[in-house]
Number of protein chains: 2
Amino acid sequence: MGGFAMYLCRQKTLKMRVISRLGEYGLRALMYMAAHKSDTGYFNIRVMSQELDISFHFLTKILQGLTQRGLLQSYRGPNGGIGFLVPPDQITLATVVKALEGDDFFQNCLLGLPGCGERQPCPMHVFWTALRESLQTEFETTTLDDLGTQTLERHLRLKA
Amino acid sequence: MGGFAMYLCRQKTLKMRVISRLGEYGLRALMYMAAHKSDTGYFNIRVMSQELDISFHFLTKILQGLTQRGLLQSYRGPNGGIGFLVPPDQITLATVVKALEGDDFFQNCLLGLPGCGERQPCPMHVFWTALRESLQTEFETTTLDDLGTQTLERHLRLKA
DNA sequence: TATATTTAAGATAAAACACTCTTAAATATT
DNA sequence: AATATTTAAGAGTGTTTTATCTTAAATATA
Ligand code: FES
Ligand code: FES
């Protein structure tokens, strides 16, 4: 495991979990798939689970979910696997995250109060919604394909 | 329960949980205390738990933690309660959140990968750290006392 | 057809998180 | 001193999240 896949190994504990494991694993797997082109168009889930150090069955379930939502397609049997149904340059991070975490992902109050934006806003509302919209915009304008190249550009810019 | 306390009732489900229940309840309780001055300097936890619709024992435990960390002081017995040890205009949101969620609260990778900022950054790193720093800066420069007035100002600005 | 491979689906288990309960300690009031 | 009130502390319970296990279905190969 090297190069782009280096981004994709596991940790034990974490704080400020903006994205759940579902979202993390799903995103990492899709990033992996977008970065590693496949001859057949299909990726073996077990291999991926080993490369990414994610539980095979758990990853299977997550990808299964993305298949059911029409982002991926699967093929059973030898040399089967999972592949993009929608091409990765047309899948935004927002689409992935909403598919895995729920459509209301970008609508929550920082303090966990109900009806953010509908009822009277909490004291953090103005600040939080601005930040949240930045996050949402970035997620909506970044595709899976973008990630590798964007990162490369940023690295260059950082080192310059 | 009205006015400022209106911000402070409970919901059932939530997504994108930036702050855990611990942090949410702790922040809401401290916001309540900062907004409602007390004659004795102490607030009854049971009353607070009812006003905020938070489990009494759970809230007790959370405030207990903040007492142990030197932010609050408690007084047992009749007319006892919990009060600020550090005045609320000197307690930043960052202090509260770090006390409740851990000191590494503002240091986590968006994708949950280990060693954000130490190892080679993940594809979201540059974008995420910028956003995360905004959040951190806001939390570090906003005190509990600020919240009420800031909110008021913002409401006025919004309606103007 | 028989066998191996691979994902699908559902049940089960473990871990983390969010409470809840009980008892103890401190304080005030009587 | 006795009693009521209030927080402290720790054990216990329930729920959600995360992970695992088992069996089924689909496909390829021999
Ligand atoms: S109501 Fe809290 S962030 Fe919108
Ligand atoms: S390494 Fe992922 S956000 Fe820093």
Side-chain angles (χ1 to χ4, degrees), chain A residues 10-26 28-29 33 38 40-50 52-85 100-102 112, chain B residues 10-26 28-29 33 38 40-50 52-85 100-102 112:
Chain A
R10 187 205 279 179
Q11 80 172 14
K12 297 300 168 207
T13 64
L14 77 132
K15 297 280 179 182
M16 185 152 75
R17 169 174 312 184
V18 174
I19 302 176
S20 78
R21 298 275 180 191
L22 235 63
E24 289 173 18
Y25 294 170
R28 282 167 60 203
M33 289 167 61
S38 156
T40 64
Y42 290 100
F43 295 85
N44 184 298
I45 300 183
R46 187 169 293 280
V47 170
M48 249 199 300
S49 77
Q50 286 161 354
L52 302 179
D53 191 23
I54 297 172
S55 149
F56 165 69
H57 287 101
F58 196 27
L59 183 57
T60 298
K61 189 142 296 197
I62 291 167
L63 297 177
Q64 200 176 315
L66 292 174
T67 303
Q68 288 163 350
R69 285 160 197 275
L71 286 165
L72 301 178
Q73 59 187 330
S74 69
Y75 202 88
R76 302 191 206 186
N79 307 319
I82 199 117
F84 287 109
L85 184 55
L100 291 170
E101 310 267 358
Chain B
R10 188 205 279 177
Q11 81 172 15
K12 299 298 169 208
T13 65
L14 77 132
K15 297 280 179 183
M16 185 150 76
R17 170 174 310 184
V18 175
I19 301 176
S20 78
R21 297 275 181 193
L22 235 64
E24 289 173 17
Y25 294 170
R28 282 167 62 203
M33 289 167 62
S38 156
T40 63
Y42 290 101
F43 295 84
N44 183 300
I45 300 183
R46 188 168 293 279
V47 170
M48 250 198 300
S49 77
Q50 287 161 353
L52 301 179
D53 191 22
I54 298 172
S55 148
F56 165 69
H57 288 102
F58 197 26
L59 183 56
T60 298
K61 188 144 297 195
I62 291 168
L63 297 177
Q64 201 177 315
L66 292 174
T67 303
Q68 289 164 349
R69 284 160 197 275
L71 285 165
L72 301 177
Q73 59 187 328
S74 69
Y75 202 89
R76 300 191 206 187
N79 306 319
I82 199 114
F84 288 110
L85 183 55
L100 290 171
E101 310 268 359

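Numbers restart at 1 for each chain; the letters A, B, ... are given by sequence-line order, proteins then strands.
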* CG-CZ distance between A/L100 and A/R21, expressed to the nearest 0.5 angstrom -> 14.5 Å
* Asked: Rounding to a whole Å, what distance do you find between B/E24:CD and C/dC17:P?
  -> 14 Å
* Asked: Over how many whole Å does the gap from A/R17 atom CZ to C/dA16 atom P extend?
  -> 10 Å
* **Out of C/dG10, D/dC21, C/dT20, whichever nucleotide has its closest atom nearest the side chain of A/H57** => D/dC21
* To do: Take the protein atom CD1 of A/I19 and the nucleotide atom P of D/dT17, then report the distance between them rounded to whole Å.
  => 16 Å
* Structure fact -> Rounded to whole Å, the CD1-C1' distance (B/I62 to D/dG10) equals 16 Å
* Asked: Does OP1 or OP2 of D/dT18 have a side-chain N or O of A/Y25 closer than 4.0 Å?
  -> no
* To do: Would you mind reporting whether A/L72 and A/M33 have side-chain heavy atoms less than 4.5 Å apart?
  => yes
* To do: Assign A/Q68 to base, sugar-phosphate, or nothing according to its heavy-atom contacts below 4.0 angstrom with the strands shown.
  => sugar-phosphate
* Could you state the CG-C1' distance from A/L59 to D/dA19, rounded to the nearest angstrom? -> 12 Å
* Which listed nucleotide (D/dT18, D/dA9, C/dA8) is nearest to the side chain of A/R21? -> D/dT18
Can you give the donor-acceptor pairs under 3.5 Å from side chains of residues 57-68 of chain B to other protein atoms, not counting sequence neighbours?
unit_1	atom_1	unit_2	atom_2	d
B/T60	OG1	B/F56	O	2.8
B/T67	OG1	B/L63	O	2.9

* **Separation of D/dT27 P from A/Q73 CD (nearest whole Å)** => 13 Å
* Asked: Between atom CG in B/L72 and atom P in D/dA8, what is the gap in whole Å?
  -> 9 Å
* Structure fact -> Between A/Y42 and the options A/I45, A/N44, A/T40, the side-chain contact (heavy atoms from CB on, under 4.5 Å) test singles out A/T40
* First locate atom CD1 of A/I82, then atom CZ of A/R76, and finally report the distance between them rounded to the nearest 0.5 Å. => 11.0 Å
* If you take all heavy atoms of B/S49 and B/R46, which pair is closest and at what distance? -> OG-O, 2.7 Å
* Round to the nearest Å and state the distance from A/F58 atom CZ to C/dG10 atom C1'. => 15 Å
Enumerate the protein-to-nucleotides 3-7 of chain D contacts in which both atoms are nitrogen or oxygen and the separation is below 3.5 Å.
unit_1	atom_1	unit_2	atom_2	d
D/dT6	O4'	B/G77	O	3.2
D/dT6	O2	B/G77	N	3.3
D/dT7	OP1	B/I45	N	2.8
D/dT7	O3'	B/S74	OG	3.3

* Hey, does the side chain of B/E101 reach the backbone of B/I19 with a donor-acceptor pair shorter than 3.5 angstrom? -> no
